[in-house]
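It should be emphasised that the depicted structure is a prediction, and the values quoted were computed from it without experimental measurement. Proteins come first, then strands; the chains are lettered A, B, ... in the order of their sequence lines, and each starts at number 1.
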There are 2 protein chains.
Amino acid sequence: MCALRMPQADGRLPLYARLRDQLASRIANGEWSPGDTIPSENRLAEEYGVALATMRMALKQLVDEGLLERRRGTGTFVKQPAFRADLFRFFHVHDADDPDGSMIPESRILSREEVETPAEVRLAFGEPEATRCLKLERVRLWSGEPMLFEEVYLRLPDFKGLLALDPKDMGPLLYPVFLQEFGILITSATDELSFGTATKASARHLELPANSPVAVIERIARNPVGRVIEYRRVHGRPERFRYRVTLGEHNA
Amino acid sequence: MCALRMPQADGRLPLYARLRDQLASRIANGEWSPGDTIPSENRLAEEYGVALATMRMALKQLVDEGLLERRRGTGTFVKQPAFRADLFRFFHVHDADDPDGSMIPESRILSREEVETPAEVRLAFGEPEATRCLKLERVRLWSGEPMLFEEVYLRLPDFKGLLALDPKDMGPLLYPVFLQEFGILITSATDELSFGTATKASARHLELPANSPVAVIERIARNPVGRVIEYRRVHGRPERFRYRVTLGEHNA
DNA sequence: TACGTCTAGTTCTCTAGAGAACTGGTTGAC
DNA sequence: GTCAACCAGTTCTCTAGAGAACTAGACGTA
């Protein structure tokens, strides 16, 4: 019998959640591309050997997360991922090469490891008791100079596969990787900017003296249903640092 | 749009949607108050004479809308109404006294005068040749301490009446005044944050030594059709300065 | 060609359950 | 008095359907 049918005595997710993951990965690995019709709910339920209503729960979830779109009488379609460019493009730098601030910086991943979840991250994730999570450190460089040092914390069951991933395949932006590899779409984020002083780690990677003033950004990123996916702490060199954001709708 | 094309041509919503409305009105009219436990899904399904799953759909909807909260093994509760952010306040500066960033600071207007439009403001306004504009200076204080020094530039024909206005009538927020007094609605803004040094004026009003490091915000605010209404330059005391922004939609 | 009608296939609505997972309280043994 | 075991009540998961609502395309007729 299919492994999906196993009862959840092992503390695993409910069936419909595992189905959701299965379907998400079939989107992620390109079996179904944006715009495609996927098999009907009937066919999928049969294929996975589950009740129709259970499959519908999985599909509903993916609709809520913005990965699928259903049209009565027609079928179920893979949505074009509507990434908001401004979600990951608002670090701008004064630079002669880049007057618009539209350049995507070079990205260098320093480490990936499983760690005890820090308290502030647990708070953001809404986890009352101690857990472990994935920590990713990277530096972003403009014109070869280190400008930002990032510590990214990710929920662990979801992002376990990230450890195995080759950094070469990961490009300069993380959120497209989340979608491609794990079927997780980031659609909202809260950033909090403040002034602070460099930590030992951030000073070293930004090539600053200890306790230098730095720009600090704390980010909480969410999927379409409001689940917190990522907590990120960023230290930036202050002298050429710019952060730009546009709020509200406009047609300009 | 053709009325026949509408789902439920007789205008009746699906059962679960009507149930949702029924339950919502029982919350609205005070039968169930925030914090209360409402009857169990079983009891409600029986009361309304519908299948359990149908009632669950109605309850699920209200949970998604943030009106109800369900706890397994315990019951279904009416949620405390969610905090609604003020449409006019795009940015939050907050400190230890104000963890939510919801406090509106005291506002003290220092000067209002007609000036030659500075070059960077002309650029923002899209005015090729020299013009004059209105400049407004003010300080914003948290707990009596000056935190922000603002220089606000406004288009001149539009805001001429502002010179005549009594500052006492103006409250701590400007955009409501724009709407009330001039019928001008601000619906979008672009903020750009960076870190710089205080000018002579900003150092004096923030009670800082000359050339102290400050947080700098440059804002361009627009009306619904994208016309730039306001250019603003803000200097902030760095040590307790926090700037928070949320991008994208989320339901949390 | 133009225009209804029909049909196969899809999602949506609704029913009727059974058992698991979980919570808060009560009971009983020690 | 403490603590474990039990229990009633709740939500959550999952199954197995039937019929309605709707869409796109095929077909037939004028």
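Between R20(A) and E65(A), at least one side-chain nitrogen of the basic residue sits less than 4.0 Å from a carboxylate oxygen of the acidic one, meeting the salt-bridge criterion. Ion pair E41(B)/R70(B) flagged as a salt bridge, since at least one NZ, NE, NH1 or NH2 atom sits closer than 4.0 Å to an Asp/Glu carboxylate oxygen.
The separation between L59(B) atom CG and dT10(D) atom C1' is 12 Å, rounded to whole Å. The separation between K60(A) atom NZ and dT13(C) atom P is 10 Å, rounded to whole Å. F77(A) places its CZ atom 10 Å from the C1' atom of dA24(D), with the value rounded to the nearest Å. Atom pair Q61(A):CD and dT13(D):C1' shows a separation of 14 Å (rounding to whole Å applied). For the pair I38(B) CD1 and dT10(D) P, the interatomic distance rounds to 12 Å; values are reported in whole Å. For R56(B) and dT13(C), the CZ to C1' distance is 16 Å, given to the nearest whole Å.
Checked against ring pair (Phe, Tyr, Trp, His ring centres under 6.0 Å), F178(A) has the following partners two or more places apart in sequence or in another chain: F159(A), Y175(A). For T54(A), there are no side chain to side chain donor-acceptor pair (under 3.5 Å) partners, not counting sequence neighbours. With sequence neighbours excluded, the residues forming a salt bridge (charged side-chain N to carboxylate O under 4.0 Å, His left out) with R233(A) are E120(A), E151(A), listed by chain and number. Checked against salt bridge (charged side-chain N to carboxylate O under 4.0 Å, His left out), D64(A) has the following partners two or more places apart in sequence or in another chain: K60(A). The ring pair (Phe, Tyr, Trp, His ring centres under 6.0 Å) search around Y231(A) returns none, not counting sequence neighbours. Among residues two or more places apart in sequence or in another chain, the salt bridge (charged side-chain N to carboxylate O under 4.0 Å, His left out) test is passed with R112(A) by none. Partners of E113(A) by salt bridge (charged side-chain N to carboxylate O under 4.0 Å, His left out), not counting sequence neighbours: none found. Remark: T117(A) engages T131(A) in a side chain to side chain donor-acceptor pair (under 3.5 Å) (not counting sequence neighbours).
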Protein N or O to nucleotides 7-10 of chain C N or O, pairs below 3.5 Å:
unit_1	atom_1	unit_2	atom_2	d
dG9(C)	N2	G73(A)	O	3.1
dT10(C)	O2	G73(A)	N	3.3

Close N/O contacts between protein and nucleotides 3-7 of chain D (under 3.5 Å):
none

Short N/O separations, protein against nucleotides 14-18 of chain C, under 3.5 angstrom:
unit_1	atom_1	unit_2	atom_2	d
dC14(C)	OP1	L15(B)	N	2.4
dC14(C)	OP2	L15(B)	N	3.2
dC14(C)	OP2	Y16(B)	N	3.1
dT15(C)	OP2	A51(B)	N	3.0
dT15(C)	OP2	T54(B)	OG1	2.4

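Sequence neighbours left out, the pairs with a member in residues 27-37 of chain A that pass salt bridge (charged side-chain N to carboxylate O under 4.0 Å, His left out) are R26(A)-E31(A).
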